[in-house]
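Here's the structure we're looking at; comments come further down.
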Amino acid sequence: MKTREETPETNGTAAGGRKDWRLPVLAGLAFLLAVSAVMAGLFLYFEHANAPPDDLWAEATYTADPGCDPETAECDILLPPVPAGHGSDGTGPTISLVTFPDLDDPIAQWGRCMDTVFACLGPPDDASTAERASRLRACVAGAECPQACLDRYAGQAGGDLDAAVNAFERIFVAEDAWCAPQQDD
Amino acid sequence: MVRTATGRLARLKAYSFRAARMAAVIGIAVVASAHDTKDAARVGEFAGHVADRDKWHAIYYCHGSTLDNCRENEHAWLAQTALDRAAPGSPWNFSADNDLIVRDLATGYFRPEIGERPGSSWDPDDVMGLPQRRLPGPANFAGIPDFSYTIYDWINRNTDCPPAPGGAMPGGVPGDCHNYTYWQGGGFNASHFGSQATRSYLRLHQTALSLAARASRLRSRISEDPANLEAYRDVIREAEHQALAYEAYAQHFLQDRWAMGHMFERWGSPEYNANGIGWDPTRALLAGGFTGIIHGHQSVTHIPDALSSPEVGVTSTLTNLTARALISLGQAVGLVDEDTEPPAASIYIPVWRHANEEETHPGVGDYRAWDMMRLRYAARLDAAGHLLEYNSETALPVQRQRRELLACSTAGYREVIAAFGQNTSGYGIDDVALSPASGESLGIHCFDMWATNESMVAGMGPEFIAAGGIATLSQALVRIGTYAAEASGRGSRNALPQELRGLVYTRNDTLSLTRIYVQARLAAFRDANGIDLAQGGLGTLSNIPTGDTYPIASYFEPADLTSLPDSDPRGRDAETVFGFYNRAHADYFCRRSEELLQSLRGSSEEAERATCRMLAQRLYEETRGDSPDVEEYSSVMLNGSRERTEPLCRLASTAWSAPRFGGDRIDILHPGYVPWNFAADESRAFAMDDARLSYQSVANWCDRTPVIDAQEEEDLRAAGVVTVIENTRDTLEIRGQHFGSTQGQLAIGLTPGSAIPISDILSWTDTRIRFRVETEFGQLAFRESAASVERFSDSYVFITRSTEAAEDPGQASAGRFVIRREVRPPRLVQVEITARGEDQPVYFMQRPAPTASLDDDAGWLFDPAAEDSQEETETAFRPVGPGARLVIELTFDEDIDRDADGQIISLGGEPLEGQWNSRRHWRGERAIPDGDAFNALRGAQTLEVYVQSERGAWTDGDPERPGSEPDRETVLLYDRIPVVLESIEVRGAGRNIYSAVWTDGPDYEDARNLTLAALDPEARTLDVAEARAAPASGTGQMRLEFSTELDAAPAIRVGGADADVSGEGRRWRARFDLEEAASLQDANGDIQITVTLTGQALDADPATPAAIAPPDQWSNRIYWTSLDQRRGGPDGSDGGPDLWHRLGEPPALSLLVILDASGSMGESGRMANARSGINQTFESLPEDEVIEFAAVAFQDCGSFSTRTFTRDADSIRSFLTSITPLSGTPLAAAHDQARAIFLSQADPRAAEWRYASFTDGAETCDGNVAGAIRNLEAVLSRHRAPDRSPPEPEQAPAPERAFDCRATTGTGYSVEVRDGGRHLDRITLVERVYLERALPDGRCIASFETREYGVYYGRTRSSGLRWGINSQPSESQTLIGRSSRGEADLLRVRGIANAAAAGLVDLPTARREIEQAVRAAEPEEG
């Protein structure tokens, strides 16, 4: 019959006979950390590689005055004040749009870009889908947009109308579009 | 020119921004016009209700109107159009055939702060503070979502805002949630677009269907009984109205879903705090504002815009306007033809399509509903009252939109109406017929319409479609301000909520907005007829998703309204919805009735009182009156008769039972709540309260008027007796409810106004009052009740509780609470006054047992009819002569307190000496003086009696007047009987020359009662047996006999001689000188005999016998009728001389002529004929006979000319022939006149009395001609001619055997017990009454009556052994014996009565025997 005093101690085990597991766990965590760091690095690399360049949109040279007086050259009325709802007696809230012709921030640049595309496209008509796809690609190619955007679209625009439209939407229109200004936080 | 979508947008590029801006400015500048329920609240008669809180009035915009006059209220108009298609001819229209009035408990009771807001001119007057409103037709409710977010919001008059999670509220003021330019337009209006509209409709349509099914169940239960149906027809109507109103309210969303400008998913949620909006109203306005731009700005600018209306090219509009102006100018100066039309404008009609179809269809927006219906279009601009039409009527190809919208809308109504359930030939309570379905159904095709991408882009506005539009937009900022500030820069922004003033959205918002435009353009480019944009493809607007991503508005009513909570701070609760439609939801209030009514009862607030009445009436079933006087029940008048109905609560709720309210039940009402009309002494059962909300009894229950419980004994309960006064000194107790916790006022009397307050209140609690009435007893008024076994009289108790409240409407009791007086005032039931030594009593009166008609009515003594009915009562009334010694005996019906202070027994104002022989019998005497002292007393002497019974009641001489007072009904006449010269015999020269005797007439000595009523004296007739001319000389002798003994010798004068008179008593003799007598003769040669008395009244005209007149006619010392002062003369107090007898040759004939001188006799020579006849009559009379004549001529009703008898024929003839005809024909009265003349004036010695009548016509003065002639001829026929032969002595009649008639009355009782087995003993109280009376004509009558009264008995746990005697006999038998049928007949009845008398006991003893018998029967509890 063995007694406690008779139990031999084993290397790698803690005093009292328990096995020490801490070393393998720490080693595993270190490995995972290293893998994650590599993955993040790759992600950031590809992200950076896909992101538009910082100078895609030019710096704004004009600061708009939100409280400007309408009907001036600086602050023109785009949408006259309209009561924000039915049946107003003229004393309730109105919504109006004032526009600043000299405003050239990225949103204005993007707007002009889009405007040139749609001015080229014209209103809906009875043209075939292929013809419309072709027209879209052509109009984008001739639009007043950053060249990087045009290049990117040219590289991704598909042959049929859906593909052309989807690429346009993805690159120029969507909230996270490569060639659209992002919302300020 | 009409164009539709594809390929037309290019044309729009031509529009310039400036033109668009100008158009918008024009639109803003013009006066807003009414096109929609949104706008209806601010125009016309609604102009005073523009505040959001008052827009709820707009539901009445089309109320009472016609369909054609209401098409500008598009939602209501469309709803009514569809309803009429579903159910043509239904009563549900703008001018409702069934006027339904609601008394609104939602704002009147549950939220009175809302109801207290001022009403309006089209609201009927409030009822007791409850708003009362006439329900508009159901279709009117289609307008609600434009000014209230739900029906319960409308009911609450737009006071609250939608409930938000956690009860939180956004910024701004609560009214902003009804502001279309704020939360309502920016946020809640999202439910009107795309799939939100679909879900909103479907939810509320389910609510309508659920309500319709509920109305069907209600009708099914109510219709089982015709009376219930009649009573509660409007309850069912209200339930059906509510279902239809909810359907109309739902159809607003269906209609919007079909409007071109709503066929897309707009941004935002119909809720507060939605994702992307939060509590920020500016975010909601951003979503709402740009939704509005797509929807079309016609609602704002009044310029036709793409999706709200076919869009008219602005350039064309301006051209058109200019052209119109020029054309008008040209026409004015004559340069332009009258028929010249302005150029047509180009218009653009957007298109839509079903999701599963490729074909597109033109569609119009919600401002063109009327144009859609007529398929024609003419854009209009309303400017300052002038209508400018700036393009011509143009065909509008929107048939598909019209057809499908109406089909879907109609199908919605069809489903609801069908759910009302089949009636006879149609559906619902009004048996409304549904039109054939015509393929209408509520399928997916009603909800999958979407605007095409191209149309969406068109809706966004031409300014952004044109070149440069997107670029310009991307350079813009969105600002919120006021119109004035934004348009001119001069306006104040202070009008805006703080958080909106000068707000400028961020560039992020511009980016989001521009991106949406780009996406729209791109989608339209890819697929112009696609619907992906409309179906949510617009994406988020500044992080605000489209409406399809949100759930249905949480503030909408649930599909099943019964799941609403009782109360919610925002009004989404049963108290609001059911409080308004409270009849239709009677079941809800019935379930809560105990809680609600407990709090409502006793309120002094008018609205709460009204609410209590309304709700309580629905529980009320009946008042189980133990007395039929107060029986009342829930009822309705059906076919002219009152029919019982069930309480509405029982019909509205299954397995419902009424709460008991601590025993003060409303379903089975305490009889004391039924009001009593004390002035008319009749119940006011079934009377409605003044506000006509309930029976007055129910209103009294609500007001907690004091009610007193009736006594438990059956007979007392039946009479509503609350307490019984058996002794005035007893302590009385009444029990009931609502007396008040502190002492109020208790009064007793026959009416509230005359009731006497009781001062001796011993204790007073809310349910019990103890008091004594001894102090006021003598002042209390009681009303005698019908005779019964036990006599009683009743009065009423009135309670007014004390209250500290400023107002306590139910303070005074309203019902009938009887206090019974079984301690009666002692009644003088017999008065017997005799004069010592005289056979006949002076006065005898025995009051009969009290009855409703005769009790305490002394008039019967002088009323022949009454006396006839009292044939068993031996009355007597003779004058009291001088020197009489009267013995006065009085008998009372109660034991008298002989020592009571204040008793009065007097005669002629002088107390009578006497004593009490027993507790009920008093005897006294009075010596009557004679001589002058008697003469001084002559006339009426009143016996005054005022005594107190041992039970404390005093004599009440006039029960009709409150309080007690002496009995003064017995009046004696101190006077002597008038004397009549009954017979006279005159001899001259040894032979009889005149003898006459009065026959017939009353016998004053034997008659007990000398009143006119008792005597009914027959006229005496003077029979003249002998009449001859008197010898010229010698001594005449005379024998006279008077009706009574004379005090002194009469004075007799014969012609010119005074007679020597001797004799005594009644018989006298006289001697006179014939020659001296003949010295004075009258015109006829007759010698007048004049007899005069001194100190005694001599009836001068025995033909009309004297009788005692009714005391109320005694005046001027005249106490007798027909005590004539002279023959045929007026009555006097002392009579007059007898002038009836004359000596001389008697006439052969007394002839009276009656001449009709009425108007008709003046016609056709009739009067001339009559005169001729009169002349012939007179001429044909024998000249050798002595004839006397009289005449009666009549000319008009009541107009007579008479001539009494005379032997001067010429004077009568002259009189008759001089009469001129005049007017009416009183034929009967003329004969009466003639009869009177014969009786009083005709010579009784005449051999014959005759009359002749000359008349041509019929009675015209309402007389009885036949009767008058008969009476006249009877007088003539009784007249006898003098007989010269001496009369045979009359054979004296055999004396009748005198019956031993005993004036006696006896009553006794016995108790019979018949063993019917255990607990079945039959106990009977037998009452036997024997009565024997001598009648005035000497007859004797006996009656023996046996009555059996059943005894009821039993035992209860609470009160032990109980028994009582029925008030009405179950058996009754009467034996009558009459001496007129022989003595044996009388003795037979007397013998039976004597035999039965053995073993009889008095009533108290009998009652004790009954109690023993009841105990012996050992009744079980039950």
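The line from OG1 of B:Thr472 to CG of A:Leu103 is 11.5 Å long, rounded to the nearest 0.5 Å. In this structure, CD in B:Gln475 is found 10.0 Å from OH in A:Tyr62, a value given to the nearest 0.5 Å. A distance of 8.0 Å separates CD in B:Gln519 from CD in A:Glu175, rounded to the nearest 0.5 Å. The structure places CG of B:Leu522 at 6.0 Å from CD of A:Glu169, a figure rounded to the nearest 0.5 Å.
In plain terms, the two heavy atoms of A:Ile107 and B:Ser474 that are nearest each other are O-CB, 3.6 Å.
Taking a 6.0 Å sphere around CZ of A:Arg112, one finds it holds 12 or fewer heavy atoms contributed by other residues, nucleotides or ligands. Counted within 6.0 Å of CD on A:Gln147, heavy atoms from surrounding residues, nucleotides or ligands total more than 12; the atom is thus considered enclosed.
Using a 4.5 Å cut-off between heavy atoms, A:Asp105 touches chain B through its side chain atoms alone. Contact of A:Pro101 with chain B is made through the backbone alone, with heavy-atom distances under 4.5 Å. Only the backbone of B:Asp527 comes within contact range of chain A, with at least one heavy atom under 4.5 Å from a heavy atom of that chain. Interface residue A:Ala174: only backbone heavy atoms are found under 4.5 Å from chain B. Proximity to chain B is limited to the side chain of A:Leu161, based on heavy atoms less than 4.5 angstrom apart. Residue A:Gln109: no heavy atom, backbone or side chain, is found under 4.5 Å from chain B.
Taking 4.5 Å as the limit, some side-chain heavy atom of B:Arg515 sits within range of a side-chain heavy atom of A:Trp110. Contact check for A:Leu121 versus B:Arg521: no side-chain heavy atoms found under the 4.5 Å cut-off. Inter-residue side-chain proximity for A:Cys68 and B:Arg479 is flagged as met; some heavy-atom pair is nearer than 4.5 Å.
A:Arg132 contributes a side-chain N or O that, together with a main-chain N or O of B:Phe525, makes up a donor-acceptor pair within less than 3.5 Å.
Between chain B and the residues A:Asp102, A:Asp115, A:Thr116, the most heavy-atom pairs under 4.5 angstrom are made by A:Asp115. The choice from B:Asp509, B:Leu477, B:Val504 that makes the most heavy-atom pairs within less than 4.5 Å of chain A is B:Leu477.
If you run side chain to side chain contact (heavy atoms under 4.5 Å, CB included) between B:Leu473 and each of A:Thr99, A:Leu97, A:Leu79, only A:Leu97 comes through.
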